[in-house]
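All remarks here apply to the structure that follows.
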Amino acid sequence: MFKTRKWLMIIFALISGLGLVLFTTLKSVGALTVCYSIINLCQAMAGTCSNTMQIERAKGPYSGKVMGWYNAICQLGSVTIPLVTGAVLDSTGSYKNVLFTIAAVFIIPIVLGFAVKDTYVKKH
């Protein structure tokens with residue numbers, strides 16, 4: 001429908017990062033719930049767009065190997081982010097700074113998104 005994967009990934013990653021910054025300013029449980037739901041939806045959409053572009057780029061007999069490496073690198077976040085956010089919390093004592101750190105992580109797919117070629121091909 002949107003005829004792009006690259007820009008959707010960039011936009012959804014940007015919304016996720018900005019949503020986390022907004023999350024730090026909200027006070028009501030209802031607003032926090034809505035904000036968090038939007039953040040999770042955008043994270044999922046950015047990941048789906050990114051995964052689709054990777055598999056389309058790795059056509060042929062090596063697609064499984066490429067996706068394995070891609071997913072292994074992406075899963076490093078599960079190991080490194082707790083260490084980084086724990087260090088931020090330990091050094092600052094502020095959960096707000098932890099959320100800012102997580103929001104800053106969304107800069108990575110935005111920057112890398114500008115470097116990749118969109119894999120969407122128009123169907124005639």
Side-chain angles (χ1 to χ4, degrees):
M1 181 171 101
F2 293 105
K3 301 190 179 16
T4 182
R5 291 186 181 91
K6 172 184 175 173
W7 289 105
L8 284 176
M9 180 187 73
I10 291 169
I11 291 167
F12 284 128
L14 181 65
I15 293 170
S16 297
L18 293 175
L20 278 168
V21 172
L22 175 66
F23 192 84
T24 65
T25 65
L26 299 174
K27 304 290 183 213
S28 76
V29 173
L32 288 167
T33 302
V34 169
C35 184
Y36 187 70
S37 299
I38 291 169
I39 292 167
N40 275 338
L41 177 64
C42 289
Q43 286 175 345
M45 293 301 294
T48 300
C49 292
S50 179
N51 284 338
T52 303
M53 285 194 300
Q54 299 312 317
I55 196 68
E56 287 175 346
R57 225 180 260 103
K59 291 178 184 168
Y62 300 110
S63 62
K65 191 175 202 175
V66 169
M67 287 307 295
W69 277 104
Y70 170 74
N71 284 322
I73 291 168
C74 288
Q75 291 304 319
L76 283 176
S78 300
V79 175
T80 57
I81 290 298
L83 295 173
V84 171
T85 56
V88 169
L89 181 59
D90 197 36
S91 64
T92 65
S94 169
Y95 288 99
K96 193 175 198 177
N97 287 341
V98 170
L99 287 175
F100 285 146
T101 303
I102 296 169
V105 170
F106 285 101
I107 293 171
I108 296 168
I110 293 169
V111 170
L112 293 176
F114 285 113
V116 297
K117 181 179 177 187
D118 201 338
T119 59
Y120 179 80
V121 178
K122 290 183 183 181
K123 296 177 183 174
H124 300 280

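This is a predicted model, so every value here is computed, not measured.
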Spell out, yes or no, whether Ile107 and Leu14 are grouped together once hydrophobic residues are joined by side-chain heavy atoms under 4.5 Å, including indirect joins. no
If I take atom OG1 from residue Thr85 and atom CG from residue Asp90, how far apart are they, to the nearest 0.5 angstrom? 11.0 Å
Minimum heavy-atom distance Pro82-Gly77, with the two atoms named: CD-O, 3.7 Å
Quick one: pull up OG1 in Thr52 and CE in Met9 and give me the separation to the nearest 0.5 Å. 11.0 Å
Test item: Val98 and Thr92 side chains (from C-beta on) under 4.5 Å apart, heavy atoms: no
Out of curiosity, does Met53 fall in the hydrophobic cluster containing Ile55 (side-chain heavy atoms, cut-off under 4.5 Å, transitive links)? no
State plainly whether one hydrophobic cluster holds both Tyr95 and Leu22, where clusters connect Ile, Leu, Val, Met, Phe, Trp and Tyr through side-chain heavy atoms under 4.5 angstrom apart. yes
Spell out, as yes or no, whether a donor-acceptor pair under 3.5 Å connects the side chain of Ser50 to the backbone of Ala46. no
Straight-line distance of Arg5 CZ to Ile10 CD1, nearest 0.5 Å: 14.0 Å
Reported CD-to-CD distance for the pair Gln54 and Glu56, which is rounded to 0.5 angstrom: 10.0 Å
Using side-chain heavy atoms (C-beta onward) and a distance below 4.5 Å, is Asn40 in contact with Tyr36? yes
So if you build clusters from Ile, Leu, Val, Met, Phe, Trp, Tyr with side-chain heavy-atom gaps below 4.5 Å, do Leu26 and Leu99 land together? yes
So Ile81 and Thr101, side-chain contact (heavy atoms from CB on, under 4.5 Å) or not? Walk me through it. CA-CA 9 Å; Ile81 290 298; Thr101 303; over 6 Å; no
In this structure, CG of Asp118 is separated from NZ of Lys3 (nearest 0.5 Å) by 12.5 Å
Let me check something: do Phe106 and Ile39 share a hydrophobic cluster, defined by ILVMFWY side-chain heavy atoms less than 4.5 Å apart, either directly or through other members? yes
How many angstroms lie between atom OG of Ser16 and atom CD1 of Ile102, to the nearest 0.5 angstrom? 12.0 Å
For this output row, return yes or no: ring centroids of Trp7 and Phe12 closer than 6.0 angstrom. no
Do Val66 and Arg57 touch side chain to side chain, with heavy atoms closer than 4.5 Å? no
What one should report as the nearest heavy-atom pair of Ala58 and Ser63 is O-CB, 2.7 Å
